[in-house]
Amino acid sequence: MSFAAGTLETALVLRAQTQQDKQAFSRLVLMHQNKVRSFLLRLSRNAANADDLAQEVFIIAYQKLANFRGSGEFGAWLCSIAYRCFLKHYRKQQRENLARDEFAGNADEGLNPMAADRYESISIEQMALEKALQQLSVAQTAAITLCESFGFSHSEAAAILNQPLGTVKSNVKRGKQKLREKLIGSRQEEQS
Amino acid sequence: MTSQEEQWLDNLLADPPSVRDNGFTDQTLHAIKRYKQRRMMVFAGAWSLAFLLVLFVSPWTSLQSWVGVLESSNFSIVAQIKAQIAQSSADQWAALLSDNWAFIFAFLAITLVSLKNVFLSDV
């Protein structure tokens with residue numbers, strides 16, 4: 001984030017906190033909705049769920065805005081709320097799936113396909129990357145998205161995900177290794 | 001794995017596609033507005049319940065002193081309730097309720113709407 005954008009963001013957060021300024025919070029939603037929704041879309045692998053969760057994230061952020069002390073980036077704080085919301089939803093969904101599988105004997109529903117019209121513009125390579133990310137574990141996807149796509153440091157990502165630094169570094173490394181294998185393997189197949 | 005391929009993957013990861021807004025921002029702001037309205041209704045409902053409790057329960061409990069406090073503020077219904085309690089016949093209670101039905105109805109309505117917003121909201 002540039003210095004000017006950071007200053008504007010700080011000013012907006014302060015206005016929203018101290019003056020309960022709705023316009024300031026609206027601008028914060030507008031500034032961060034893409035990051036939060038992209039993050040949740042990669043984690044949940046379902047556009048509708050991602051948007052529902054993102055809406056929940058912003059409502060929680062609004063409720064708990066007074067708790068944001070400004071010690072880090074506002075976007076990082078939103079990502080930490082998003083990750084907690086996702087984990088809560090994911091665990092609930094797993095319990096429901098388990099109960100349904102026990103009832104119906106159906107073990108695998110498969111992943112929801114990514115719709116290209118969810119994005120402003122997406123290249124074939126980016127689409128291939130999004131699909132490859134779906135095949136990683138949630139922890140690897142989260143770590144790679146935060147560190148490689150959003151530019152957070154490993155320690156910032158560790159704080160957001162509430163995981164040890166070593167775990168985050170390892171997830172980034174192993175996740176990227178898997179991505180290389182999948183993406184470069186499919187590129188070579190296309191070329192040959 | 002060549003360094004060129006490594007660089008290609010890093011560049012690809014560093015350029016995530018933007019998600020379309022598709023009315024998300026407006027919907028979120030609307031949801032926040034509804035949350036604020038609900039919070040206000042809960043607040044109003046809580047006060048209504050508390051007020052009703054003070055009016056109708058305190059004469060028989062240790063909270064009876066509240067009646068005096070409210071009476072000193074020239075709130076006529078409190079004086080009526082106190083007078084009714086002194087005589088305390090079923091007919092007089094009925095008269096009290098019928099004389100103040102609009103007041104009681106308004107508080108009950110606020111309370112019910114608040115409860116509905118709390119328990120039947122989709123946000």
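Below, chains carry the letters A, B, ... as their sequence lines are ordered, and counting in each starts from 1.
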Supply the atom-to-atom distance [X] [atom1] to [Y] [atom2], rounded to the nearest 0.5 angstrom.
X      : Y      : atom1 : atom2 : answer
A:K176 : B:L9   : NZ    : CG    : 6.0 Å
B:H30  : A:Q55  : NE2   : CD    : 9.5 Å
B:L12  : A:L183 : CG    : CG    : 6.5 Å
A:I59  : B:R34  : CD1   : CZ    : 7.5 Å
B:F24  : A:F58  : CZ    : CZ    : 5.5 Å

Under 4.5 Å heavy-atom distance to chain B, tell me which part of [X] shows up: side chain, backbone, both or neither.
X     : answer
A:Y62 : side chain
A:E56 : neither
A:A54 : both

Output yes when a side-chain donor or acceptor of [X] lies under 3.5 Å from a complementary backbone atom of [Y], and no otherwise.
X      : Y     : answer
A:R37  : B:S18 : no
A:S149 : B:L13 : yes
A:Q126 : B:D15 : yes

So which atom in B:I32 and which in A:F25 form the shortest heavy-atom distance, rounded to 0.1 Å?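 For B:I32 versus A:F25, the nearest heavy atoms are CD1-CE2, 3.3 Å.
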side-chain contact (heavy atoms from CB on, under 4.5 Å) between A:Q33 and B:T28, intermediate numbers included: CA-CA 10 Å; A:Q33 60 93 14; B:T28 302; over 6 Å; no
Can you tell me if B:Q37 has over 12 outside heavy atoms packed within less than 6.0 Å of its CD?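 Yes, the 6.0 Å shell around CD holds more than 12 heavy atoms from other groups.
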Take a 6.0 Å sphere around CG of A:N67 and say whether it holds more than 12 heavy atoms from other residues, nucleotides or ligands.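 Check passes, neighbour count above 12.
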Please answer: with hydrophobic residues joined when any side-chain heavy atoms are less than 4.5 Å apart, are A:M127 and B:V19 in the same cluster?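 Per the 4.5 Å side-chain linkage, A:M127 and B:V19 are co-clustered.
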Go through A:L129, A:V29, A:L133 and name the one with the most non-hydrogen pairs under 4.5 angstrom from chain B.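 Looking at each option in turn, the highest pair count goes to A:L129.
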Note: A:R180-B:E6 ion pair, threshold 4.0 Å (strictly below):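 A salt bridge is present here (some side-chain N lies under 4.0 Å from a carboxylate O).
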